[in-house]
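Working notes, beginning with the structure itself.
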Amino acid sequence: MTTKFDLVAIGEPLVVMIPDRPGPLRFAPRFERAMAGAECNALLGLARLGGRAGLISRVGHDEFGAFVLETLRGASVDTSRVVVDPTRRTGIYFKEELALDGQAHPTYYREGSATSALVADDIDAGYIAQSRALLVTGISALLSDNAYGAVTHALQIARSAGVMTLFDPNLRSGLWGSERARELLCPLLEYVDIFLGGEREARVLLDGDASWSTRELVEKLAAAGPVEVVLKRGAEGAAMLDATGAFFEQPVFRTTVKSAVGAGDAFNAGFLHARQRGDDPQVALRVGAICGAAVCAGTGDFETFPRESDLAAYLESTER
């Protein structure tokens, strides 16, 4: 079957409200509305680099649902497999920038959202089979019991169709399955080709010993199923174990950090873009790090993601 997409993702589109000033939300008189959602951030980033992207999801039959659909379509992300739910609302979250650390802290309002009603019947096997890769995260899997079944079903479809699977645990508190994350997410690793997760999350999933080195951690993750393991290490950069067992490290790109929310999703998009165009693992890590740093420099979750021409210039400057 001819591929139609470079990446299909299953995830929850969210509306994010960004206050016009730092401090507790109670003192914020005005907010800027934008779009967010881990999987959508990755799709929007890949599309900005010229990739073909599609989303499987649900949104509410409300103005926020219309807003996220228009945003995705305007960025050339296919939404033909997004169900508009007539009874549930689109998820929303607020960013709060506290003066103590200068970082953005999210407060989510997504319980009972439209995407939490995602079921296995919403997963179109033919749609997934038309893609080069499928991305799922622990967020979508842990939204609800039925969403977990839908994500599992999608991974099984992708594995049967020979579609590359990517998994980012993206652990969040307060979800249906958050307290059982290790129990629910570890069985999914057997269907995963590329693990793209934070180092802290990886240690949580493996119930890991704090004394494990980064290399020991990626090797233990690879033993659980993934063919390749990528660890996003925040200020420490990134590390990777590829299919041959070779180990790579990438330092972080220094930037003025306005908000780190969405940086990991940007890394995922950049890394996949580089691998799909044939770059070696070291270059792919560098591309991911550049994209993550670019998003950190803005207040939105994806708006400052680089375009292809910008990325080429950044790569050239780092090589020099």
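Note: hydrogens, waters and symmetry copies are ignored here, and every other heavy atom, side chains too, is used. We're numbering straight along the sequence, starting at 1.
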Distance (rounded to the nearest 0.5 Å) between [X] [atom1] and [Y] [atom2]:
X	Y	atom1	atom2	answer
Glu39	Thr137	CD	OG1	3.5 Å
Arg48	Cys291	CZ	SG	10.5 Å
Cys40	Leu72	SG	CG	5.0 Å
Asn41	Asp265	CG	CG	4.5 Å
Leu49	His273	CG	NE2	4.5 Å
Asp168	Glu201	CG	CD	6.0 Å

Honestly curious: do [X] and [Y] fall in one hydrophobic cluster under the side-chain, below-4.5 Å linking rule?
X	Y	result
Leu217	Leu285	no
Trp176	Leu143	yes
Val84	Val15	yes
Ile56	Ile139	yes
Ile10	Leu189	yes

Partner set under side chain to side chain contact (heavy atoms under 4.5 Å, CB included) for [X], not counting sequence neighbours:
X	value
Arg132	Thr3, Asp6, Arg52, Gln276
Thr87	Asp85
Thr304	Val295
Ala161	Ala129, Val163

Using the rule given for side-chain contact (heavy atoms from CB on, under 4.5 Å), can you reason through Leu69 versus Val59, listing the C-alpha separation, both sets of side-chain angles and the distance that settles it, and then say yes or no?
CA-CA 8 Å; Leu69 287 176; Val59 297; 4.0 Å; yes

Step through the shown structure and confirm whether more than 12 heavy atoms of other residues, nucleotides or ligands are within 6.0 Å of OH on Tyr109.
no

Can you tell me if CE on Met164 sees more than 12 non-hydrogen neighbours from other groups inside 6.0 Å?
no

Is there a donor-acceptor pair under 3.5 Å between the side chain of [X] and the backbone N or O of [Y]?
X	Y	answer
Ser140	Val136	no
Tyr148	Leu184	yes
Glu219	Glu216	no
Arg21	Pro29	no
Thr90	Gly60	yes
Glu96	Leu25	yes
Ser131	Leu134	no
Thr79	Val82	no

Looking at every heavy atom in both [X] and [Y], which two are closest together, and how far apart are they?
X	Y	value
Gly112	Arg88	O-NH1, 3.1 Å
Pro306	Tyr314	CB-CE1, 4.1 Å
Pro281	Phe248	CB-CE1, 3.7 Å
Ala42	Leu135	CB-CD2, 3.7 Å
Pro13	Met35	CB-CE, 4.2 Å
Leu44	Thr71	CD2-O, 4.5 Å

Scan [range] for pairs that pass salt bridge (Lys or Arg N to Asp or Glu O under 4.0 Å), counting only residues two or more places apart or in two chains.
range	answer
residues 169-189	Arg180-Glu183, Arg182-Asp207
residues 26-37	Asp20-Arg30
residues 61-75	none
residues 140-157	none

Could you pull out all donor-acceptor pairs under 3.5 Å where a side-chain atom in residues 223-230 meets a protein atom, sequence neighbours excluded?
unit_1, atom_1, unit_2, atom_2, d
Glu228, OE1, Arg275, NH1, 2.9
Glu228, OE2, Arg275, NH1, 3.4
Glu228, OE2, Arg275, NH2, 3.4

Residue list, salt bridge (Lys or Arg N to Asp or Glu O under 4.0 Å) with Asp121, at least two apart or on another chain
none

Just jot down the salt bridge (Lys or Arg N to Asp or Glu O under 4.0 Å) partners of Asp193, sequence neighbours excluded, or say none.
Arg159

Could you walk me through whether Ser113 and Glu12 satisfy the side chain to side chain donor-acceptor pair (under 3.5 Å) test, starting with their C-alpha distance in whole Å, then the side-chain angles of each, then the deciding distance to 0.1 Å, before giving a yes or no?
CA-CA 9 Å; Ser113 68; Glu12 179 170 36; 2.5 Å; yes

For side-chain contact (heavy atoms from CB on, under 4.5 Å), just list the numbers for Leu155 and Leu188, CA-CA rounded to whole Å, side-chain angles, deciding distance to a tenth of an Å, and then say yes or no.
CA-CA 8 Å; Leu155 285 170; Leu188 301 183; 4.1 Å; yes

Decide yes or no for Leu171 and Ser178: does some side-chain heavy atom of the first lie under 4.5 Å from some side-chain heavy atom of the second?
no

4.5 Å side-chain heavy-atom contact, Lys95 and His105
no

How far apart are the C-alpha atoms of Thr165 and Ile194, what are their side-chain angles, what is the distance that settles it, and do they pass the side-chain contact (heavy atoms from CB on, under 4.5 Å) test?
CA-CA 6 Å; Thr165 53; Ile194 301 180; over 6 Å; no

Hey, what's the ring geometry for Tyr127 with Phe5, parallel, tilted or perpendicular (30° and 60° as the breaks)?
tilted

Would you please classify the geometry between the Tyr108 ring and the Tyr93 ring as parallel, tilted or perpendicular, with 30° and 60° separating the classes?
tilted

Is there a side-chain contact (heavy atoms from CB on, under 4.5 Å) between Gln130 and Ile128? Walk through the geometry before answering.
CA-CA 5 Å; Gln130 294 179 70; Ile128 291 175; over 6 Å; no

Taken in chain and number order and not counting sequence neighbours, the residues that satisfy ring-ring contact (aromatic ring centres under 6.0 Å, His included) with Phe247 are none

Evaluate Asp279 against Arg286 for salt bridge (charged side-chain N to carboxylate O under 4.0 Å, His left out), listing each step before the verdict.
CA-CA 10 Å; Asp279 291 342; Arg286 189 179 307 142; over 6 Å; no

Given side chain to side chain donor-acceptor pair (under 3.5 Å), test Glu111 with Ser116 step by step and report yes or no.
CA-CA 8 Å; Glu111 185 176 356; Ser116 69; over 6 Å; no

